[in-house]
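Everything on this sheet refers to the single structure shown next.
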Amino acid sequence: MHSKVAIIGSGPAGHTAAIYAARANLEPTMYEGMLAGGIAAGGQLTTTTDVENFPGFPEGISGIEITDKFRAQSERFGTKILTETVEKVELNTTPFKIWREYSNEYDTADTIIISTGATAKRLHIKGEDFYWQKGMSACAVCDGAAPIFRNKPLIVVGGGDSACEEANFLTKYASKVYLLVRRDVLRASNIMQQRVFNNPKIEILWNTQAIEVQGNGKLMTSVILQTKTTNPTDNSVTTSETSLEASGFFYAIGHTPNTQFLQSQLPLDESGYIVVTPGSSRTNIPGVFAAGDVQDKTYRQAITAAGSGCMAALDAEKYLESLHDQASSL
Ligand code: FAD
Ligand code: NDP
C-alpha cells in the first residue's frame, strides 16, 4: 500500500494532521495503533475522565468522547484508518517504508507525520491499578480541578519542573500539597524550586517514596510512604513507613516519548523527544514531520498537540508540492 501522507499515532496531533491532509485531498493513511505503548487508539485523552480545557466544549467532554469525535472527523474527509501499530520504519530510502506489527511486508509513503505521543511514567505501586483515576492521575493540570480534590490534602510525586509546577498548580484547589521527593534535592530549575519553597501550602517530604495506595473501595484515601533517614554520626540509613491521608496522588516523574520504533533514525534530544526545526514540524529528514507530545516536552496539552498536527499537515502538503514542482521542471 502506498500513501502520499502516512500518519503514525492517533491522538489530537495525528487526527488534526489527518483532518487537514484529508481536506487537502492528500488521502492520508493513519496507523492509529493497537494499544501501542499501552495506550488505546485515540491517545492519552482516552485515559482521562473529563476534558474541560479544549475549546468548543463549554460543559467539558469525556476523554473517550472527544477522541471518538476526532476520529469521526478524520474519517469524514476520507482518512484511511488502520488499527495497527507501526513496528519499524525505514527513512533512508524514498518512498519511506513502514512495517506494521506482525507483518513481513511493508507499506510506502511519500511523507510521514510522526505523532506517537509520550507516555506518562507510572510506578504501578500496590493499589494503583484499582485506584487509577479514582484519585490517582498523571496529569495535575488536566484533572486537578475535579471536585474530589477540593480542599483536600494531595500528593505530587517527583522533583523536576513538572512536579514543582503541578504542586504549585494544585495549591489552588487543595488544602495542602505534599511533594514526595525520592532524594534530598530537587532536580527542578531554581525558579521552580523557589516557587515551591515559597508556597506555604506545599510541604516537601524528602527521601520519600510511595509504596502503596489505599482507599475505601471507591476513592483513594491514603498512601503508605517509605522514608529513608541518614544518621549524621555514622551515616547509617534507617527506613520508616508511615501512612499519609490524601485524596489525590499525582505522578510527575517524567514522560517517555514513543520513539522506540524509529530505531535512532531521527535525532532525539537528551530526553528522547524528536528534534524539529523551531517554528515548524520538520525533522532533519525532508518529508518526515513530527507533531504533538513526541516532540514537545514543555506544553504537553491536547490543544498544543492539535496545533502542531495542523502544522505538520501543512508542512507535508508544502513538501509534496515542492516535489511536484521539481518533477515538472525536469
Ligand atoms: P497521544 O495522545 O499520546 O497519542 C498518541 C497515540 O499514538 C497513542 O494512541 C499511541 O497508542 C499511538 N502510538 C504510539 N506509538 C505508535 C506506533 N508505533 N504505531 C501506531 N500508533 C502509535 N491535555 C489537555 O489539553 N486537557 C486535558 O484535560 C488532558 N487530560 C489528560 C489526562 C491524562 C490522564 C493524561 C495522561 C494526559 C492528559 N492531557 C490533557 C494531555 C494530552 O492528553 C496530551 O497532551 C495529548 O494527548 C498529546 O497528543 P498526541 O497526539 O501528541 O499523542
Ligand atoms: P524530569 O525528568 O526532569 O524529572 C523527573 C523527576 O521525577 C525527577 O525529580 C526524578 O527524580 C523523579 N523520578 C523519576 N523516577 C522516579 C521514581 N521512580 N520515583 C520517584 N521519583 C522519580 O521530568 P519533568 O517532567 O519534570 O520535566 C521534563 C522536561 O520538561 C525537563 O526538561 C523540564 O525542565 C521540562 N519542563 C519545564 C517546565 C517549565 O519550564 N515550566 C515545566 C515542566 C517540564 P531524580 O531527580 O531523583 O532523578
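Counting convention: from 1, in listed order, for ligands and their atoms alike. Keep in mind it's a predicted model, so treat the numbers as computed, not measured. Along the sequence shown, the residues carry numbers beginning at 1.
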Heavy atom to [atom], shortest distance: which of [options] holds it?
{"atom": "atom 9 (O) of ligand 1", "options": "Ala13, Gly11, Ala40, Gly33", "result": "Ala40"}
{"atom": "atom 1 (P) of ligand 1", "options": "Met34, Gln44, His15, Glu52", "result": "Gln44"}
{"atom": "atom 18 (N) of ligand 1", "options": "Val89, Leu82, Val86", "result": "Val86"}

Using a 4.0 Å cut-off to any heavy atom of [X], which atoms of ligand 1 qualify?
{"X": "Arg300", "result": "41 (C), 45 (O)"}
{"X": "Thr85", "result": "17 (C), 18 (N), 19 (N), 20 (C)"}
{"X": "Ala118", "result": "3 (O)"}

Counting only heavy atoms, which portion of [X] has something under 4.0 Å from ligand 1: side chain, backbone, both, or neither?
{"X": "Glu32", "answer": "backbone"}
{"X": "Ala305", "answer": "side chain"}
{"X": "Asp296", "answer": "neither"}

Query raised in the report: If you measure from the Lys or Arg side-chain nitrogens to the Asp or Glu carboxylate oxygens, is any gap between Glu32 and Arg71 under 4.0 Å?
Result: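 The answer is yes: the pair qualifies as a salt bridge.
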Report task. Answer with yes or no whether the side chains of Thr229 and Asn207 bring together a donor and an acceptor at under 3.5 Å. Result ->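 Asn207 vs Thr229: no donor-acceptor pair found between side chains.
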Requested in this report: Work out whether the distance between some heavy atom of Pro12 and some atom of ligand 1 is less than 4.0 Å.
Outcome: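 Contact check Pro12 vs ligand 1: positive.
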Requested in this report: Decide whether the shortest distance between a heavy atom of Ser10 and an atom of ligand 1 is less than 4.0 Å.
Outcome: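 Ser10 counts as a contact of ligand 1 under the 4.0 Å cut-off.
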Query raised in the report: Can you check whether Leu262 reaches Ile274 side chain to side chain, under 4.5 Å on heavy atoms?
Result: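 In short, these two side chains touch, coming nearer than 4.5 Å.
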Looking only at distances, please establish whether an N/O atom of ligand 1 is found under 3.5 Å from an N/O atom of [X].
{"X": "Ile39", "answer": "yes"}
{"X": "Ala302", "answer": "yes"}
{"X": "Gln301", "answer": "yes"}

Query raised in the report: CD/Glu105 to CH2/Trp99 distance, rounded to the nearest 0.5 angstrom?
Result: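 The CH2 atom of Trp99 is 11.5 Å from CD of Glu105, to the nearest 0.5 Å.
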Query raised in the report: Can you name the residues that come within less than 4.0 Å of ligand 2, going by heavy atoms only?
Result: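 Around ligand 2, where the cutoff is 4.0 Å for heavy atoms, the contacting residues are Leu123, Gly158, Gly159, Gly160, Asp161, Ser162, Glu165, Arg182, Arg183, Arg187, Gln209, Ala252, Ile253, Gly254, Lys297, Arg300.
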Query raised in the report: Hey, mind stepping through Leu205 and Leu225 against side-chain contact (heavy atoms from CB on, under 4.5 Å) and telling me if it holds?
Result: CA-CA 10 Å; Leu205 303 180; Leu225 305 178; 3.7 Å; yes
Query - Trace of the side-chain contact (heavy atoms from CB on, under 4.5 Å) decision for Met220 with Met136 - result: CA-CA 8 Å; Met220 63 163 282; Met136 297 188 79; 3.8 Å; yes
Query raised in the report: Within 45° of the six-membered ring axis of Phe77 and under 6.0 Å from that ring's centre, is NZ or CZ of Arg23 located there?
Result: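 Here Arg23 passes the 6.0 Å and 45° test against Phe77.
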Requested in this report: May I ask you to establish whether Arg182 and Trp206 are in a cation-pi arrangement, using a distance under 6.0 Å from NZ or CZ to the six-membered ring centre and at most 45° from the ring axis?
Outcome: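 The answer is no, since Arg182 fails at least one limit relative to Trp206.
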Query - Pairing residues for Phe149 by the ring pair (Phe, Tyr, Trp, His ring centres under 6.0 Å) criterion, not counting sequence neighbours - result: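 Counting only residues at least two positions away or on another chain, Phe149 forms a ring pair (Phe, Tyr, Trp, His ring centres under 6.0 Å) with Phe250.
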**Report entry** Sole candidate of Val196, Val177, Leu179, Val156 that passes side-chain contact (heavy atoms from CB on, under 4.5 Å) when paired with Asn168
**Finding:**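 When side-chain contact (heavy atoms from CB on, under 4.5 Å) is applied between Asn168 and each of Val196, Val177, Leu179, Val156, only Val196 qualifies.
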Query - Derivation and outcome, side-chain hydrogen bond (donor to acceptor under 3.5 Å, both in side chains), residues Ser74 and Thr79 - result: CA-CA 6 Å; Ser74 295; Thr79 304; 4.6 Å; no
